[in-house]
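Data first, discussion second: the structure below is written as structure tokens.
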Amino acid sequence: MVCSSDLSRLRAAIRRPLLRPARRVVLGLQHSVAMFGATVLVPILVGLSPSVALFGAGVATLLFHLLTRGQVPIFLGSSFAFIAPTALVVKEFGPAAAGGGLIAAGAMYLLFSGLVKLLGTDRLLRVFPPVVTGPVIIVIGLGLSSVAVNQAKTNWWLALATLLAAVIASLWGRGLFRMLPILIGVVTGYVVSLLTGQVSREGLDAIAAAPLLGLPDFHAPTLDWRAVAIIAPVAVVTFIEHVGDVIVNGRVVGKNFLEKPGLSRTLFADGIANMSSAALGGPAATTYAENTGVLALTRVYDPRVLQIGAAFAVLFGCSPKLAAVLKSLPQGVLGGVSILLFGMIASVGIRTLSEARIDFAHSRNLIIVSLILVLGLGGAAFPISVGGTSLSLSGMALAALTGIVANLILPRQRDEADGPPERTLH
């Protein structure tokens, strides 16, 4: 008798095209370009080098594939969940301290990997039902909304031109163009800013002087416990994202990656990959939901295509001229694309709640969601002391932990299905 899982694998194999080496290279380039916009936007927002971010994303992806034995077609790029804490640490303590905090966040992944190995995947996933993951994702998006507005109000017309181009690409673009609304919006906004004289003379001079090829501006991390306390707890949120990415990726491909290579292995690989990017001076590099969209569009699931895309990302990172162009982007351009991007993140959280059919007629669900939203968006901070060191749990990390605890201790009013999020983000 043929089981349903065998049929799924057979259907996936039938619709998966045979790839020649030259075609793999082209598809790998497409994948790298599709990830480009979001990958470079994060370091620009937080004050890190876009070139190092591209290089680090490529290295992180290759490491992930090595550690998962090339079984999972995933690309790793700059995580949006770490934007707010990383930007704060870069401003207050410097980029090196941010690197140390991000390495600590990667170490949290290794801890989660060990817990999954010890407790089992099914038991651990019960604490992350959609009633928790949905509002946490909303907090991530809306928590960044003030950043987008502050950037956009420096030049509203430029921000609106950028936003309009991204919306048009997302709604009416075809093929690859529909997968690149962020990049198309940024390019359009930059062209408009050049035509209207919004790019500074210093920025143009830096572009002209920068060489076409050269190593990125790597810098070593430093250990600052204040930075660790601010950044590392966000790994609780990105752990939720990782689980959702792996599940949805597997459903598109037709495989269960929670079983093979296993959630503990993918978490371990993600943690090592994140630490490698941070060690180079880049932002956090974690699994990307956009990656799954490219897989669904192309129906090409060959992990070697992702590995080629990672190699292209490394090459893109070795262009100082490209880095100078990215650094010259006006704030209005960044604000326009961020309005759409951060709003879409919050919308994914709303969609998670909708698809899970959460019944808000029950007080239990209302209480859990209310606690997460208010504590996550209201600026609440919970001070704790560890070994004489004063720490503060706030924002997304506080919201996620509050939701998990509330879901575990509040009595159920009816039987509810527990499970991981159906959708998540980067």
Side-chain angles (χ1 to χ4, degrees), residues 39 42-43 45-68 74-116 215-242 264-288 310 313-314 317 384 386-387 389 391-397 400 426:
T39 300
V42 171
L45 292 174
V46 304
L48 297 176
S49 168
S51 295
V52 175
L54 283 169
F55 192 98
V59 171
T61 301
L62 292 172
L63 272 176
F64 182 90
H65 281 253
L66 176 65
L67 294 172
T68 57
I74 276 182
F75 190 97
L76 281 73
S78 307
S79 172
F80 286 89
F82 285 93
I83 287 179
T86 303
L88 174 62
V89 170
V90 169
K91 181 180 178 181
E92 296 293 332
F93 311 120
L102 292 171
I103 288 177
M108 293 278 286
Y109 274 76
L110 306 188
L111 175 62
F112 294 146
S113 174
L115 288 175
V116 171
L215 289 176
D217 185 21
F218 300 122
H219 62 78
T222 60
L223 181 61
D224 188 318
W225 289 108
R226 297 169 298 177
V228 171
I230 294 172
I231 295 177
V234 182
V236 175
V237 177
T238 53
F239 165 66
I240 299 172
E241 297 174 8
H242 175 96
S264 62
R265 182 177 289 274
T266 61
L267 279 168
F268 181 84
D270 202 345
I272 295 295
N274 181 42
M275 296 168 76
S276 71
S277 176
L280 294 171
T286 57
T287 54
Y288 257 17
V314 172
I384 57 177
V386 179
T389 302
L391 308 177
S392 179
L393 193 62
S394 61
M396 294 173 289
H426 60 87

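In this text, all values refer to a predicted model and were calculated from it rather than measured experimentally.
Between Val89 and Ile231 the shortest side-chain heavy-atom distance falls below 4.5 Å. The shortest side-chain heavy-atom distance between Phe93 and Leu88 does not fall under the 4.5 Å cut-off. In this structure the side chain of Leu223 never reaches within 4.5 angstrom of the side chain of Ile103, judged on heavy atoms. In this structure the side chain of Phe268 never reaches within 4.5 angstrom of the side chain of Thr266, judged on heavy atoms. Contact of the Leu267 side chain with the His242 side chain is registered, since non-hydrogen atoms from C-beta on lie closer than 4.5 Å.
Listed here is the closest heavy atom pair of Ala400 and Val236: CB-CG1, 4.1 Å. Ala285 and Asp270 make their closest contact through O-OD1, 3.6 Å (heavy atoms, listed as atom of the first residue, atom of the second, distance). Here the shortest heavy-atom pairing between Gly100 and Pro221 reads N-CB, 3.6 Å. Among all heavy-atom pairs drawn from Ala313 and Phe75, the shortest one is CB-CZ, 4.2 Å. Between Ala273 and Ala60, the shortest heavy-atom contact is CB-O, 3.4 Å. The two residues Pro95 and Leu48 come nearest to each other via the heavy atoms CB-CD2, 3.8 Å.
The aromatic ring centroids of Phe55 and Phe218 lie less than 6.0 Å from each other.
Not a single donor-acceptor pair under 3.5 Å links the side chain of His219 to the backbone N or O of Gly282. Side-chain atoms of Thr86 never come within 3.5 Å of backbone atoms of Val46 as a donor-acceptor pair (strictly under, hydrogens ignored). With hydrogens and angles ignored, the 3.5 Å screen pairs no side-chain donor or acceptor of Ser113 with any backbone N or O of Tyr109. Although no hydrogens or angles enter the test, the distance criterion places a donor-acceptor pair under 3.5 Å between the side chain of Ser277 and the main chain of Pro283.
Atoms NE2 and CD1, on His65 and Ile74 in that order, are 7.5 Å from each other to the nearest 0.5 Å. The structure places CG of Asp217 at 11.5 Å from CG of Leu280, a figure rounded to the nearest 0.5 Å. Atom OG1 of residue Thr287 and atom CZ of residue Phe64 lie 7.0 Å apart, to the nearest 0.5 angstrom. Here Thr61 contributes atom OG1 and Leu66 contributes atom CG; the two are 12.5 Å apart, rounded to the nearest 0.5 Å. Distance CG/Leu115 to CZ/Phe239: 8.0 Å, rounded to 0.5 Å. Put simply, CG on Leu102 and CG on Asn274 are 6.0 Å apart, with the number rounded to the nearest 0.5 Å.
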Checking side-chain contact (heavy atoms from CB on, under 4.5 Å) for the pair Thr39/Leu54: CA distance, chi angles, key distance, verdict? CA-CA 7 Å; Thr39 300; Leu54 283 169; 4.1 Å; yes

